[in-house]
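Here's the structure we're looking at; comments come further down.
This structure is a prediction, so every number in the text was calculated from the model and none was measured.
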Amino acid sequence: MPEAVERVLPSGTVARLSPDPFVAGALTLSLDSVPQSHVSLRDPRHLFYDYVSRMGTAIDLISRAAEPITVLHLGAGALTLARYVAETRPGSRQLAVESEKGLVPFVLEEAPLPRSATIDLIESDALTALDALASADSGWTGLADVVICDLYSGLETPAHLVTTAFFRAVRSVLSPGGTLLANVADDADLARSDAQLAALSAVFPRVAMIGPSALLDGREAGNVVLLAGFDPAIIERMPSLAAAGPHPVTWRAL
């Protein structure tokens, strides 16, 4: 795709895929001019944003290398992490939930998945989709090894997707040894992260956060990755997750 392409989605949102002038074979997805995803078609293992790289490493650490896993993506974007999982863990079962109708079909038209990747799609609000997946006949109850929450409308996460009720819904599809990963774009005061940590702690016994040291030290804005679940290994893996970078990095367990 040598030039940027745009599409007006049914909501009126303008989706734009632009070639990265500095990274060959990579694209940036923007919604109404707000950068939303970065994806390398040449090498899906290349994760550009620091928080996406941390999520990729967290996925690497949950089981043996190349072992297929089951992943639920709440927020699809350009399917960056879905492509990463398909590349690093062939045969994985993946489902992406995206509330912006028409976005994923547009992305896949311009940036198709590799033939070996199979990723199912639901166009729906994340909580509505979780309620459906929690039903006994969905096949998703207690199934997901990883649930990724990267849920934004513009620059904010919708309020109903950061509550205790929302994370209880996530719990219903998470396996006993599974990990919830959430991206939080935050200011230096960490107010958004603290609110989500409180909601997570009311649902899960193991909760941790990791991000740039300048952010967790209260000096700069940035992106925090929150991790939660029932497995003590979530906390045990944190030093390895931090060691993988990007650096400088700080992590905390609640």
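Taking OG of S172 as the start and CZ of F167 as the end, the distance is 13.0 Å to the nearest 0.5 Å. Atom-to-atom distance recorded for L241:CG and I234:CD1 is 11.5 Å, nearest 0.5 angstrom. Taking CZ from R89 and CD1 from I62, the interatomic distance works out to 5.5 Å, rounded to the nearest 0.5 Å. For the atom pair CZ of F166 and CG of L200, the computed distance is 9.5 Å after rounding to the nearest 0.5 Å. A distance of 12.0 Å separates CG of L127 from OG of S99, quoted to the nearest 0.5 Å. Taking CD from E236 and CG from L61, the interatomic distance works out to 12.0 Å, rounded to the nearest 0.5 Å.
Two residues are said to be in side-chain contact when any heavy atoms from C-beta on lie closer than 4.5 Å; S53 and P246 meet this criterion. Two residues are said to be in side-chain contact when any heavy atoms from C-beta on lie closer than 4.5 Å; F48 and T80 fail this criterion. Between R237 and L227 there is no side-chain heavy-atom pair separated by less than 4.5 Å. Between F106 and E100 there is no side-chain heavy-atom pair separated by less than 4.5 Å. Inter-residue side-chain proximity for V170 and L74 is flagged as met; some heavy-atom pair is nearer than 4.5 Å. Looking at heavy atoms from C-beta onward, L174 lies in side-chain contact with F204 at the 4.5 angstrom threshold. Looking only at side-chain heavy atoms (C-beta outward), D150 and Y51 come within less than 4.5 Å of each other. No side-chain heavy atom of I59 sits less than 4.5 Å from a side-chain heavy atom of D145.
Considering every non-hydrogen atom in both L215 and E220, the closest pair reads CD1-O, 3.0 Å. In plain terms, the two heavy atoms of S193 and V184 that are nearest each other are OG-CG1, 3.6 Å. In terms of heavy atoms, I210 sits closest to L216 at C-CD1, 4.5 Å. Minimum interatomic distance between D50 and P212 (heavy atoms only, all atoms of both residues): OD2-CG, 3.4 Å. Shortest non-hydrogen contact noted between Q196 and A182 is OE1-CB, 4.4 Å. Here the shortest heavy-atom pairing between L161 and T157 reads CB-CG2, 4.1 Å.
Of the possible donor and acceptor atoms, none in the side chain of D120 sits under 3.5 Å from a partner among the backbone N and O of L95. In this structure, the side chain of S213 engages the main chain of V249 through a donor-acceptor pair within 3.5 Å. In this structure, Y152 contributes its side chain and A185 its backbone to a donor-acceptor pair below 3.5 Å. The backbone N or O of D131 lies less than 3.5 Å from no partner atom in the side chain of S135, so there is not a single donor-acceptor pair. With hydrogens and angles ignored, the 3.5 Å screen pairs a side-chain donor or acceptor of E98 with a backbone N or O of A76. Using modelled atom types, one side-chain atom of S92 and one backbone atom of I69 make a donor-acceptor pair closer than 3.5 Å. When atom types are taken as modelled, the side chain of E87 and the backbone of D43 share no donor-acceptor pair closer than 3.5 angstrom. Looking only at distances, no side-chain donor or acceptor of R83 sits under 3.5 Å from a matching main-chain atom of A117.
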For this session: Would you check, one step at a time, whether the test side chain to side chain contact (heavy atoms under 4.5 Å, CB included) holds for R45 with Y84?
Result: CA-CA 5 Å; R45 295 171 184 259; Y84 179 82; 4.3 Å; yes
For this session: Quick one: do R54 and N223 satisfy side chain to side chain contact (heavy atoms under 4.5 Å, CB included)? Show the steps, please.
Result: CA-CA 10 Å; R54 296 188 208 285; N223 288 74; over 6 Å; no
For this session: Go through the steps for D189 and D194 under the test side chain to side chain contact (heavy atoms under 4.5 Å, CB included), then give the verdict.
Result: CA-CA 9 Å; D189 61 5; D194 287 344; over 6 Å; no
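Residues V71 and M55 are members of one and the same hydrophobic cluster, defined by side-chain heavy-atom contacts under 4.5 angstrom among Ile, Leu, Val, Met, Phe, Trp and Tyr. The hydrophobic cluster containing L72 does not contain L181, counting ILVMFWY residues as joined when their side-chain heavy atoms lie under 4.5 angstrom apart, directly or transitively. Hydrophobic clustering, with ILVMFWY side chains joined whenever heavy atoms are under 4.5 angstrom apart, groups V203 together with L151. Clustering ILVMFWY residues whenever any of their side-chain heavy atoms sit less than 4.5 angstrom apart, transitively, puts Y49 in the very cluster that holds I148. Clustering ILVMFWY residues whenever any of their side-chain heavy atoms sit less than 4.5 angstrom apart, transitively, puts L254 in the very cluster that holds L180.
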Pair up each side-chain donor or acceptor in residues 19-34 with any protein partner under 3.5 Å, not counting sequence neighbours, and list the distances.
from, atom 1, to, atom 2, distance (Å)
D20, OD1, F22, N, 2.7
D20, OD1, V23, N, 3.2
D20, OD2, H38, NE2, 2.8
D32, OD1, V14, N, 2.9

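Ionic pairing of R206 and D231 is not present here: no N-O contact between side-chain nitrogen and carboxylate oxygen is shorter than 4.0 angstrom.
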